[in-house]
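Below is one structure; the comments refer to it alone.
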Amino acid sequence: MAELTYLGGYPEPLKAQVQQLIAANKLGDVLAKRYPDTHLIQSDKALLAYTMELKNRYLKSSAPLSKVIFDGKINVIKDALGLHTYVSRVQGNKLKAKNEIRIAALFKEAHPAFLKMIVVHELAHLKEKDHNKSFYQLCQHMEPDYHQLEFDLRLWLTWRDIERSAR
């Protein structure tokens, strides 16, 4: 039985279905059929442009972003899939704030919908710091299939780990 690290909070019947797909060696096929291609956003500059396009479409009045990058140091299991940081500094008599978004570098090889889901998640933190009802409503406003994509992304991460351990 494969360890379902990324599916901890999901119901047992759903996890059992995932285990059946893994046992039949079909999880990769299901994901490849549903998400056949990868995106072309490979640089930090392209990621910033993509993120700013989404921000300007959905969160025009939110705080500005000072940095958006792919980060190879993010450990998917321990840290997160992406990080939003907010730093306040006093400079003279002014308070300066910086918002940064860091996306795990493994998303350079992901399907476009998965990248969008992660970017939407991190953008939602500009308005809502906690993972509460308002936060998820905002995520769904920016990406109506947010919850399905989050689940499928967790399946993709599970499949990716299985493939890497088989090598």
Side-chain angles (χ1 to χ4, degrees), residues 1-42 44 46-47 50-51 53-55 57-59 68-86 100-167:
M1 292 274 263
E3 189 175 333
L4 301 178
T5 307
Y6 306 103
L7 301 172
Y10 288 91
E12 289 304 319
L14 191 57
K15 290 194 276 190
Q17 286 180 321
V18 173
Q19 285 288 8
Q20 288 174 348
L21 286 172
I22 292 169
N25 203 24
K26 291 186 178 179
L27 181 58
D29 295 337
V30 168
L31 290 168
K33 187 174 181 180
R34 195 176 295 165
Y35 303 102
D37 40 290
T38 60
H39 59 81
L40 300 175
I41 300 167
Q42 297 297 305
D44 291 341
L47 180 62
Y50 177 74
T51 302
E53 180 184 320
L54 287 171
K55 181 187 179 301
R57 186 179 320 152
Y58 297 107
L59 301 171
V68 178
I69 62 169
F70 284 112
D71 190 338
K73 295 177 184 170
I74 294 177
N75 179 318
V76 174
I77 296 173
K78 290 182 183 169
D79 292 329
L81 306 174
L83 296 172
H84 167 257
T85 56
Y86 176 79
E100 296 181 359
I101 291 178
R102 295 171 182 268
I103 305 295
L106 70 91
F107 288 101
K108 285 183 176 183
E109 62 189 65
H111 186 274
F114 295 159
L115 179 65
K116 183 178 182 187
M117 189 231 97
I118 294 299
V119 170
V120 159
H121 181 100
E122 298 309 326
L123 282 172
H125 281 302
L126 292 174
K127 290 230 180 216
E128 295 288 336
K129 302 301 180 208
D130 297 322
H131 293 117
N132 55 27
K133 186 175 180 178
S134 297
F135 173 85
Y136 287 108
Q137 285 175 339
L138 182 55
C139 288
Q140 283 191 289
H141 170 70
M142 292 187 278
E143 173 50 66
D145 292 331
Y146 178 84
H147 292 294
Q148 183 64 53
L149 288 171
E150 181 180 15
F151 177 72
D152 290 349
L153 173 61
R154 291 172 181 280
L155 290 179
W156 180 73
L157 291 168
T158 300
W159 171 77
R160 196 173 169 274
D161 283 357
I162 291 167
E163 290 295 302
R164 289 174 67 194
S165 67
R167 291 182 200 153

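Since the model is a prediction, treat every value here as computed from it, not as a measurement. Side-chain atoms are counted along with the backbone in the values below, which use heavy atoms only and exclude waters and symmetry mates.
If you take NE2 on His131 and SG on Cys139, they are separated by 7.5 Å, rounding to the nearest 0.5 Å. For the atom pair NZ of Lys108 and CG of Leu47, the computed distance is 9.0 Å after rounding to the nearest 0.5 Å. Within the model, atoms CG of Leu155 and CD1 of Ile22 stand 8.0 Å from one another, a figure rounded to the nearest 0.5 Å. Taking CG of Leu27 as the start and CG of Leu31 as the end, the distance is 4.5 Å to the nearest 0.5 Å. In this structure, CZ on Phe70 lies 9.5 Å from CG on Leu106, to the nearest 0.5 angstrom. Put simply, NZ on Lys33 and NZ on Lys26 are 11.0 Å apart, with the number rounded to the nearest 0.5 Å.
Residues Val119 and Ile103 meet the side-chain proximity criterion, which asks for heavy atoms closer than 4.5 Å. Residues Leu153 and Phe107 have side chains in contact (heavy-atom distance under 4.5 Å, counting atoms from C-beta outward). Annotation: side chain of Tyr6 is in contact with side chain of Asp161 (closest heavy-atom distance under 4.5 Å). Using a 4.5 Å heavy-atom cutoff, the side chains of His125 and Phe135 are in contact. At least one side-chain heavy atom of Phe114 sits under 4.5 Å from a side-chain heavy atom of Trp156.
Minimum interatomic distance between Leu59 and Leu123 (heavy atoms only, all atoms of both residues): CD1-O, 3.4 Å. The two atoms that bring Tyr35 and Ala113 nearest to each other are CE2-CB, 4.3 Å, heavy atoms only. Shown here for Thr38 and Pro112, the closest heavy-atom pair between the two residues is C-CD, 3.9 Å. Of all heavy-atom pairs spanning Ala110 and His39, the tightest one is O-CD2, 3.1 Å. Closest heavy-atom contact between Lys116 and Leu54: CE-CD2, 3.9 Å.
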As a quick check of understanding, evaluate side chain to side chain contact (heavy atoms under 4.5 Å, CB included) for Leu126 and Lys55, giving each step before the final call.
CA-CA 10 Å; Leu126 292 174; Lys55 181 187 179 301; 4.1 Å; yes
Would Asp37 and His111 count as a side chain to side chain contact (heavy atoms under 4.5 Å, CB included) here? Give the steps.
CA-CA 6 Å; Asp37 40 290; His111 186 274; 4.2 Å; yes
Report the C-alpha distance between Tyr10 and Val18 in whole Å, list the side-chain angles of each, state the deciding distance to 0.1 Å, and finish with yes or no for side chain to side chain contact (heavy atoms under 4.5 Å, CB included).
CA-CA 11 Å; Tyr10 288 91; Val18 173; over 6 Å; no
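By the neighbour-count criterion of 12 heavy atoms within 6.0 Å, atom CG of Asn25 is sparsely surrounded, having that number or fewer from other residues, nucleotides or ligands. More than 12 heavy atoms of other residues, nucleotides or ligands sit less than 6.0 Å from atom NZ of Lys15.
At a threshold of 4.0 Å, the pair Glu163-Arg160 does not count as salt-bridged, since none of the basic side-chain nitrogens sits closer than that to a carboxylate oxygen.
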For residues 144-151, which side-chain N or O atoms pair as donor and acceptor with protein atoms under 3.5 Å away, sequence neighbours left out?
{"residue": "Tyr146", "atom": "OH", "partner": "His121", "partner atom": "ND1", "Å": "2.6"}
{"residue": "Gln148", "atom": "NE2", "partner": "Asp152", "partner atom": "OD1", "Å": "2.9"}
{"residue": "Gln148", "atom": "NE2", "partner": "Asp152", "partner atom": "OD2", "Å": "3.4"}
{"residue": "Glu150", "atom": "OE2", "partner": "Arg154", "partner atom": "NH2", "Å": "3.2"}

